[in-house]
Amino acid sequence: MKIALDAMGTDDAPITEIAGAVVSVGLDPTLRVILVGDEAALTGPLSEFPAQEQIEVVHAPDRIDSSLAPVAALRRSPNSSIGVGLGLHAAGKADAFVSAGSTGAVMAASLRLLRPVRGVDRPPVGTMFPTHLGPTLVTDAGANIDCKPHNLAQFARVGSIYMQDLYGVSRPRVGLLNVGAEQIKGTEVLQDAYRLLAGSDLNFVGNIEGRDIVNHACDVLVCDGFTGNILLKFYESLAAFLVAHLRDRLMPGDLGAEFEEAFRVFDYAEYGGAPLLGVNGVSIICHGESSPKAISAAIGMAARTARSGIVDHIARDLAS
């Protein structure tokens, strides 16, 4: 199993990516990681670790200019770590791709090089939201700002397959994020999406209000990328606020340790990254602030996703 890792993506690149790759190959002897980036920048930090036969370097000299639109940035930098890494995956030289670089560039390059699965018009980003009863997959979490009803129905389908194949949920409950539980609530797009989902073979449980997310009201929560990204960033910031606010007010010792363990579920590093669902490949998008632990988790997620056969599953499901 080979994972192409964009080594120039995090805020502390390439040190974070190298450390995460070293952890990953140490946990899985069958794993190979291809570090994609400026070879000169990688050589020094990589030499600080013991020789890693499971890690190789592929040179990619260009840098993505974050001030440009994603497509323009990719055109200006054809040999970027994102373009080269996804090119390796598209050519079958890697089984998956992981990046903490520009989200827009990763999505644009994934669409151009991997192409969407037939039947998926707009591949969504799927992000795991922790709840006290288990994780909920929110899709879309930022890839598609303006969606039509059939796009939301597609998000529900690929999200359901992801929860089946990666989390073992035999019949995932699908909910539609809305301002009320009644069928007539929300915009015309949401009302039409409700009818599509209700008439499908998915396990649709109806509209879900924001307050019900933390109660694990569904396994797959469907929304447009505009709403999903706002929800994601608020969720992450609230978790960070609660941890920081309460840590200072707890007594040291066992109580503090119990607190840290209880709030570990809110740590995005536990999940690593978010898959772009519905493309012909495995493309995992990570935080720019990712730690080595988060990068290692993302590499592990990429390997599990590639091994699951989810791409073929999505293609078969939509073809039928």
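In what follows, residues are counted from 1 in the order of the sequence shown.
- Across every non-hydrogen atom of V158 and P124, the tightest pair is CG2-CG, 3.9 Å.
- Other residues, nucleotides and ligands place no more than 12 heavy atoms under 6.0 Å from the CZ atom of F226.
- At least one donor-acceptor pair closer than 3.5 Å links the side chain of D140 to the backbone N or O of A143.
- Atom CZ of F49 has more than 12 neighbouring heavy atoms from other residues, nucleotides or ligands inside a 6.0 Å radius.
- A donor atom on one side chain and an acceptor atom on the other are not found under 3.5 Å apart for T10 and D12.
- Annotation: side chain to side chain donor-acceptor pair (under 3.5 Å) contacts of D317 (sequence neighbours excluded): R157.
- Checking D62 against S77 by side-chain atom types alone, no donor-acceptor pair falls below 3.5 Å.
- When every heavy atom of P172 is checked against every heavy atom of M163, the shortest pair comes out as CG-CB, 3.9 Å.
- Checked by atom type and distance alone, the side chain of D6 never pairs as donor or acceptor with a backbone atom of G37 at under 3.5 Å.
- The neighbour count for D11 CG, taken as heavy atoms of other residues, nucleotides or ligands under 6.0 Å away, is above 12.
- Looking at every heavy atom in both residues, L35 comes nearest to E17 through CD2-O, 4.3 Å.
- Closest approach of A302 to V98, counting heavy atoms only: CB-CG2, 3.6 Å.
- In the displayed structure, R76 atom CZ is contacted under 6.0 Å by at most 12 heavy atoms of other residues, nucleotides or ligands.
- By the neighbour-count criterion of 12 heavy atoms within 6.0 Å, atom CG of L133 is densely surrounded, having more than that number from other residues, nucleotides or ligands.
- We find that D95 and K2 are not joined by a salt bridge, their nearest charged nitrogen and carboxylate oxygen being 4.0 Å or further apart.
- For the pair P14 and L42, the tightest heavy-atom approach, listed with the atom from each and the gap, is CB-CD2, 3.4 Å.
- Side-chain contact check for V169 versus Q164: every heavy-atom pair is 4.5 Å or farther apart.
- Nearest heavy-atom pair, T139 versus G126, reported as atom, atom and distance to 0.1 Å: CB-CA, 4.2 Å.
- Under the rule for a side chain to side chain donor-acceptor pair (under 3.5 Å), the partners of K233 that lie at least two apart in sequence or sit in another chain are N229.
- Here D28 pairs with R307 in a salt bridge; the nearest charged N to carboxylate O distance falls below 4.0 Å.
- Checking side-chain atoms of S296 against main-chain N and O of P292 turns up no donor-acceptor pair under 3.5 Å.
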